[in-house]
Amino acid sequence: MTTGTQAADWRVAWTQALDELEMDVASVEAMLADEHRHAETPPADLWRPPTELGALPLELKPRADEILTRQLAAAEELARRITASRQQLTMTSRIETGEAVKRPVYLDRAM
């Protein structure tokens, strides 16, 4: 294999890896855009970094940086929504429904 062919294969491998990573980010972004879409069934195929690719080709760095920016934004939005969900759960747990509160009952048999 010639050096030119190796370089082309290397770029193709990295391009495919970035394609997969970008699809993963797009999936999370779609889930965030449509809250009910993946509520019950989260994505099954999580992206895993490829091994043995070597350094990222310089011409793919802008694309990789853009994907990273999108990942960070999605992670921030997920964290914000998790926090909001916890706050909502805390608030709804304080609402009285009129039903009797079921509390555990303990009997001290040592006495």
Side-chain angles (χ1 to χ4, degrees):
M1 204 182 317
T2 65
T3 304
T5 304
Q6 288 174 337
D9 291 346
W10 176 53
R11 277 196 266 330
V12 167
W14 265 108
T15 300
Q16 289 172 344
L18 290 175
D19 287 346
E20 291 174 15
L21 181 58
E22 191 167 25
M23 286 189 305
D24 189 55
V25 174
S27 175
V28 171
E29 290 170 339
M31 180 181 65
L32 290 170
D34 183 1
E35 295 176 17
H36 304 288
R37 182 173 161 209
H38 290 293
E40 299 297 321
T41 54
D45 292 332
L46 299 176
W47 184 82
R48 286 176 184 68
T51 57
E52 302 177 14
L53 280 184
L56 178 71
L58 189 58
E59 66 267 14
L60 294 179
K61 187 178 182 321
R63 181 177 177 203
D65 288 341
E66 190 267 331
I67 293 171
L68 176 61
T69 299
R70 289 172 56 194
Q71 280 183 312
L72 294 174
E76 185 177 311
E77 181 63 15
L78 285 170
R80 188 191 68 73
R81 290 189 187 194
I82 289 169
T83 300
S85 180
R86 285 184 183 155
Q87 290 172 343
Q88 186 177 17
L89 182 61
T90 299
M91 293 301 290
T92 56
S93 69
R94 294 180 184 165
I95 296 173
E96 291 187 30
T97 62
E99 294 180 18
V101 177
K102 297 177 182 168
R103 296 189 177 136
V105 177
Y106 297 95
L107 177 62
D108 186 357
R109 298 180 75 188
M111 295 176 87

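Please read these numbers as outputs of a predicted model, since none were measured by experiment. Sequential numbering from 1 along the given sequence is applied to the chain's residues.
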Those residues that, when tested against E77, pass salt bridge (charged side-chain N to carboxylate O under 4.0 Å, His left out) (two or more places apart) = R80, R81
Hits for side chain to side chain donor-acceptor pair (under 3.5 Å) against Q71, two or more places apart or cross-chain, chain-then-number order -> none
Under the side-chain contact (heavy atoms from CB on, under 4.5 Å) test, which residues partner Q16, sequence neighbours left out?
-> V12
What donor-acceptor contacts under 3.5 angstrom involve side-chain atoms of residues 51-61, with partners at least two apart or in another chain?
residue: E59; atom: OE2; partner: R11; partner atom: NE; Å: 2.9
residue: K61; atom: NZ; partner: D65; partner atom: OD1; Å: 3.4
residue: K61; atom: NZ; partner: D65; partner atom: OD2; Å: 2.8

Worked check of side-chain contact (heavy atoms from CB on, under 4.5 Å) between D24 and E20 | CA-CA 6 Å; D24 189 55; E20 291 174 15; over 6 Å; no
R63/T15 under side-chain contact (heavy atoms from CB on, under 4.5 Å): CA gap, chis, key distance, verdict | CA-CA 9 Å; R63 181 177 177 203; T15 300; 3.9 Å; yes
For L68, the other hydrophobic cluster members (4.5 Å side-chain criterion, sorted by chain and number) are L72
